[in-house]
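Quantities reported herein were computed from a predicted structural model and do not represent experimental measurements. Just so you know, ligand 1 is whichever comes first in the structure, and atom 1 is the first atom listed for that ligand. Residue indices begin at 1 and follow the sequence shown.
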Amino acid sequence: MFTSKVYKLSPVFIQNILLSSRAFIRKKLRENKECEQLTKELIAHDYDSEALKQYQSKTLKNVLTEAQRNIAFYQRFADDINTFPYIDKAEVNSNKDRFLSPNKSGVVVKGSTSGTTGAPLSIPQNMQSVITEQAFINRMMHWAGIEHNDKRAWLRGDMIVPQEQKKGPFWRYSYFENMILLSSFHLAQKNLDGYLNAMQNYGVKAIQAYPSSIVTLAKHLESNDTYYQGTLKSIITSSESLSKEDKALVERRFKCTVFDWYGLFERVAAIASCEHGRYHILTDYAHVELLPAGKAENGRDRAEIVGTNFNNSLYPLVRYKTGDHVLLSDETSCPCGRVFPIIDSIEGRMGDYLIAEDGQKVHILNHIPKGVDGLIASQFIQDKKNEITILVVTDKNKFNNEQCSILTKNAKERLGKSISFKIQEVKSIPRTKNGKIRQAICLL
Ligand SMILES: [Zn+2]
């Protein structure tokens, strides 16, 4: 809708009405009695390991039975999940129709993965799946202490303000949801105070944001040595990776807890952080296996997330290799009391990496900008073996030649002395069509 001519050409107040009406219909479809009931059931799992285990094994059994019965790809496998093969995006892409259930009923929604690694994958979902997903989102809101009528800010990839628009306001309102939606596509430095004021003036109690968008605002606050002026219950982030350092920075500058959610469009795994900052694998959302994948620099064991989705009978994926990695934790219980297993952290999306001088792929680039003053945002682009361009958005009062050399020094330490780095100042980092920011783009 947001890219339609009618929306783009409408005055702001009509845009508010259009997007409010759309949100109203979506809300009615998703948040029905069934969703409410399921949300309650999910919340009941939080502190009850027996209930969780029962739900988990019952659901997994159903998924495998249905898959064998209905899905061409799975007909030759037995009841035990260990007899199912690992699959990945490429395999699903080349067998697209063989994963589709013939039992189509009701509304079918189609969506696709971002395609940062390999070809994008398109996956159909039934309404049941959409409603179940909503119940999990509701539980996350419950974890974050957000109540039904709390005013919220939404700072994600919706193109609510046409990209070509250069003058504000860069936000719109969804009346029935008590929500201010802010554009992730217009976060140029000169606009950032406006964003913060808009959220403060509207009196939001919570913010749901892409990590790259909320981190941009937090860095802006930090560089001005100030804090968010409103009172927030919490911030929920998802859809991009969020480093521990950035999470701490956002919590400090916005004076509230960040609840980070890892999920993916294939719906084969979900991991959520709690108020004690631990990442919990949501074992009622999907069946997750962690395949050993070597050791991280800090000595922790690394594992690949392999998941079986519980909530899409139209397109079930069993033992799907996500290509995303986590670092394992020694902790077996969390001070929050929830019974879900704990991991230490989620590593960056494996699609984003650079190639070091020794030919190794380097995925974790978070600490390169560390200690560089006045650096608001950055992106690494490698189009030659020995040359990397760093796009930077800076606070001109602080980012000087000295900061430039720290940035280059950090990058060389990580990627190799023979690589040359070109620092290029830009107004904002280009976003993908979903409004996300990629940390690194390797074109080799
Ligand atoms: Zn916890």
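- By the 6.0 Å contact criterion, NZ on Lys255 is enclosed, its count of non-hydrogen atoms from other residues, nucleotides or ligands being greater than 12.
- Rounded to 10°, the angle formed at the Zn ion (ligand 1) by SG of Cys274 and SG of Cys336 is 120°.
- The environment of NZ in Lys233 is crowded: more than 12 heavy-atom neighbours from other residues, nucleotides or ligands sit within 6.0 Å.
- Sorting the N, O or S atoms of His280 by how far they are from the Zn ion (ligand 1) puts NE2 first.
- A donor-acceptor contact closer than 3.5 angstrom is absent between the side chains of Tyr210 and Arg156.
- The Zn ion (ligand 1) has Cys334 among its coordinating residues (N/O/S atom, backbone or side chain, under 2.8 Å).
- For the 3.5 Å distance criterion, the side chains of Glu240 and Ser212 qualify, holding a donor opposite an acceptor.
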